[in-house]
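One is the number of the first residue; the rest follow in order along the sequence.
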Amino acid sequence: MGTEKVVKLATLPDFPPFSFVIESYDFDAEIIPPGQNSNRLIGSSWDIVRESFHAMGYTIQLQIMPWKRALLLTEKCEIDILFPAGKNTARQQIYQYSTEPINTINYVIYVRPDSPLQWDGLAPLKGLLIGVKKGWTYGDKWNNADHFIKFNVDGVIQGFKMLDKKRLDAFAGYEEIFDYNLQQVKWKNKYKKLAYFGGSLEYPIGCKGNESVKEKLADFKQGKQIITDNGLLELISQRWQ
């Protein structure tokens, strides 16, 4: 009898529609054998990652936790795979990435409807106070820009409330996640979007130099190809449209 294949996965609780908790959660690992689903977590990226590893015969040990903690535990190799993670230069020095992405993110700046701000790249943001979601990456160009002030906020709706009260000049975020949050509170058309300032594919990542993690990332890629070929990936896409 062969040894059971297990992958230790981690993700964050508040990244809809890609990965988010149904109600509450704790840090204890949830064991999810092939063919079963989480009692805590839903989302399109979770469906893709789960089905890809299950297609390769893995039992998943799933942990849900704040992003900063998850990054640290992944760096220490205490977690095999963290998802979904965008790329930037700093992260690529610490983590190894799958060659196969999970989802796509668009970076967008939101302003109040009466804002005079016109889009012309990042230059018009000079001297302004721009909200950003704490712990998220916005790409190297944004990270290296220093002509405006970046103010960390803990929650998406918190950031929009600060924008309403004019405590922020604008709020920069991931279009898919921000729009989902706004739709949930019926604020979908309350703000004006400026043009995209970039985007990123998001991937499963693991600690750098670990051969076991490298193998699991390769197995994810192979598993995703299986669910692409059998039509399951398309069904997941349709489910979350």
Side-chain angles (χ1 to χ4, degrees), residues 1-88 90-103 105 134-137 177 200-228 232-233 236:
M1 210 171 186
T3 304
E4 183 185 27
K5 293 167 68 176
V6 176
V7 59
K8 296 178 181 178
L9 294 182
T11 191
L12 67 173
D14 56 351
F15 205 60
F18 300 116
S19 174
F20 59 112
V21 295
I22 299 168
E23 291 180 358
S24 60
Y25 71 98
D26 54 49
F27 292 159
D28 293 338
E30 183 181 12
I31 309 302
I32 308 169
Q36 296 188 24
N37 202 344
S38 171
N39 294 318
R40 309 169 185 169
L41 190 70
I42 58 176
S44 58
S45 293
W46 163 238
D47 284 350
I48 292 168
V49 170
R50 183 188 72 256
E51 294 291 1
S52 297
F53 277 113
H54 280 174
M56 296 298 290
Y58 279 91
T59 291
I60 294 169
Q61 290 184 11
L62 174 67
Q63 288 183 272
I64 305 166
M65 63 184 67
W67 189 244
K68 186 175 180 180
R69 175 180 170 84
L71 284 170
L72 179 61
L73 293 180
T74 304
E75 182 180 351
K76 293 180 177 179
C77 295
E78 294 181 26
I79 290 167
D80 295 325
I81 306 292
L82 174 62
F83 75 96
K87 282 186 177 180
N88 62 36
R91 282 186 182 175
Q92 288 178 279
Q93 292 173 355
I94 301 171
Y95 307 101
Q96 55 178 321
Y97 281 70
S98 170
T99 57
E100 182 66 31
I102 308 170
N103 56 262
I105 290 293
K134 187 177 180 180
W136 290 9
T137 182
I177 290 86
S200 174
L201 294 172
E202 295 200 312
Y203 301 81
I205 64 172
C207 65
K208 202 152 191 173
N210 185 297
E211 287 301 315
S212 174
V213 168
K214 184 178 181 180
E215 180 181 337
K216 289 178 172 70
L217 289 171
D219 284 344
F220 164 77
K221 180 180 180 179
Q222 187 175 343
K224 190 181 172 192
Q225 187 61 55
I226 290 172
I227 68 170
T228 299
L232 184 53
L233 185 65
I236 293 170

Evaluate the side-chain proximity of [Y] to [X]: yes if any heavy-atom separation is below 4.5 Å, no if none is.
| X | Y | result |
| --- | --- | --- |
| T137 | S200 | no |
| I79 | C207 | no |
| F53 | L9 | yes |
| Y58 | D219 | yes |

Whether [X] side chain and [Y] backbone form a donor-acceptor pair below 3.5 Å:
| X | Y | result |
| --- | --- | --- |
| E51 | L233 | no |
| S98 | E100 | yes |
| K8 | I60 | no |
| H54 | V49 | no |
| K224 | P101 | yes |
| R91 | G86 | yes |

Considering all heavy atoms of both residues, which atom of [X] and which atom of [Y] are nearest to each other, and what is their separation?
| X | Y | answer |
| --- | --- | --- |
| I64 | L12 | CG2-C, 4.0 Å |
| W46 | F83 | CE3-CZ, 3.7 Å |
| P13 | M65 | CD-O, 3.4 Å |

Six-ring centre of Y95, K208 cation under 6.0 angstrom, axis tolerance 45°: no
Within 45° cone and under 6.0 Å: K87 NZ/CZ vs Y203 ring: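 Positive - K87 is close enough to the ring of Y203 and near enough to its axis.
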Sequence neighbours excluded, every pair satisfying side chain to side chain donor-acceptor pair (under 3.5 Å) that has a member inside residues 60-78: none
Side chain to side chain donor-acceptor pair (under 3.5 Å) partners of T228, counting only residues at least two apart: none
Residues S45, S19; criterion side-chain hydrogen bond (donor to acceptor under 3.5 Å, both in side chains); working and verdict: CA-CA 6 Å; S45 293; S19 174; over 6 Å; no
